[in-house]
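One structure below.
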Amino acid sequence: MLLRLLLNLLLPTYCAGCATRGAPVCAGCFTTWGSPTAVFRAPLATLVPAYALARYAGVAKRTLIAGKERRRRDVAPFLGRVLAAGLMALPSGGPRASPWCLVPAPSRRIASRVRGGPHVQRIASEAARLAGAYVAPALVLKGGRDAVGLSRAERTANLEGRLRFAAAGRPPPGTRVVVVDDVITTGATSAACVTALKNAGVPVVAVLALLATV
């Protein structure tokens, strides 16, 4: 406790959403995040329902970017808490006695190194701990371009042959599998993840993202 107080004096914490001194995410910015809201994207239309917990704008966008691009590791527990709450509010997708299993959308290795590790997997692990769920790193992404700014067709082409199923990370049998991601934009990445899992014999009940673009 004394060490934490000393660190707060030397390196004060600021809210990732509004820069107010105090918690990594203040109480006011917490209210930006809500319950799962359906997201409609053409690539996902015939696959599984998709949901997001906030719009990719304002406070929510700044909070995610702080944890994703600026190495604010102290934001990950908050985002994990938000994701866990969203997971528990999803339609059951099967027998409620079956545990949830989160499959993180993978990042390119070079992007993970720059960001200090796979950020979606880190957030998913926090959520799973709170929700009593599993995390299965069943997907890997090799090569490709940064997807920021790419169209849906470009994103699809960018993933072609690069997104693969990793048998060592196969979800436990009998679990309700949810693909989790940070942002749904065109839906191409989420659709590719769901398809890769289904092709490996792993049924997916939903996609759940922290944010979705308008």
Side-chain angles (χ1 to χ4, degrees), residues 33-54 64 67 76-109 112 117-142 156 159-212:
W33 307 81
S35 57
T37 300
V39 177
F40 300 99
R41 298 290 189 271
L44 288 163
T46 60
L47 293 175
V48 294
Y51 305 89
L53 303 174
L64 176 62
F78 168 80
L79 294 177
R81 179 176 157 200
V82 167
L83 189 64
L87 180 68
M88 301 307 291
L90 285 179
S92 67
R96 290 190 177 275
S98 301
W100 295 103
C101 181
L102 308 181
V103 176
S107 300
R108 296 179 305 137
R109 289 182 180 177
S112 290
H119 68 288
V120 176
Q121 185 170 327
R122 184 183 306 123
I123 295 166
S125 296
E126 293 280 355
R129 180 179 60 82
L130 294 170
Y134 293 94
V135 176
L139 299 170
V140 294
L141 180 61
K142 296 185 177 181
T156 300
L159 293 168
E160 190 69 34
R162 296 189 175 95
L163 183 65
R164 302 175 186 174
F165 177 75
R170 179 180 288 274
T175 55
R176 293 174 287 170
V177 176
V178 175
V179 170
V180 296
D181 205 351
D182 54 359
V183 184
I184 295 177
T185 50
T186 67
T189 299
S190 297
C193 290
V194 172
T195 300
L197 289 166
K198 286 191 171 183
N199 288 343
V202 178
V204 179
V205 300
V207 170
L208 178 61
L210 290 166
L211 305 176

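Side chains are part of it too, since the values below use all heavy atoms of this structure and drop only hydrogens, waters and symmetry mates. Every value quoted in this text rests on a predicted model; they were computed, and no experiment measured them.
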| query | Ignoring hydrogens and geometry, is there a side-chain-to-backbone donor-acceptor pair from R41 to A191 under 3.5 Å? | reply | no

| From R81 atom CZ to I123 atom CD1, the distance as rounded to the nearest 0.5 Å | 14.5 Å

| Closest approach of A206 to Y51 (non-hydrogen atoms, all atoms of both residues) | CB-CE1, 4.2 Å

| Do the non-hydrogen side-chain atoms of E126 and L79 ever get within less than 4.5 Å of each other? | no

| task | Indicate yes or no: at least one non-hydrogen side-chain atom of W100 is less than 4.5 angstrom from one of V178. | result | yes

| request: Kindly indicate whether the side chain of L87, heavy atoms from C-beta on, has any atom under 4.5 Å from the side chain of L208. | output: yes

| CD1/I184 to CG/L211 distance, rounded to the nearest 0.5 angstrom? | 9.5 Å

| note | In terms of heavy-atom contacts, W33 and L210 come closest through CZ3-O, 3.7 Å

| query | With side chains defined as the heavy atoms from C-beta onward, is the minimum distance between Y134 and P99 less than 4.5 Å? | reply | yes

| Of the non-hydrogen atoms in V207 and S190, which two are nearest, and what is the gap between them? | CG1-OG, 3.7 Å

| said: For a 4.5 angstrom cut-off between non-hydrogen side-chain atoms, does P106 reach C193? | reply: yes

| field | Flag, side chain of R176 to backbone of S98, donor-acceptor distance under 3.5 Å | value | yes

| Heavy-atom pair of closest approach, residues C101 and A136 | SG-CB, 3.6 Å

| task | Enter the distance from N199:CG to R164:CZ here, rounded to the nearest 0.5 Å. | result | 14.0 Å

| Considering all heavy atoms of both residues, which atom of A105 and which atom of V120 are nearest to each other, and what is their separation? | O-CB, 3.8 Å

| request: Search all heavy atoms of A127 against all heavy atoms of L102 and return the closest pair with its distance. | output: CB-CD1, 4.1 Å

| said: I need the T189 OG1 to D182 CG distance, nearest 0.5 Å. | reply: 9.5 Å

| Could you give the distance from CG (L197) to CG (L139), rounded to the nearest 0.5 Å? | 4.5 Å

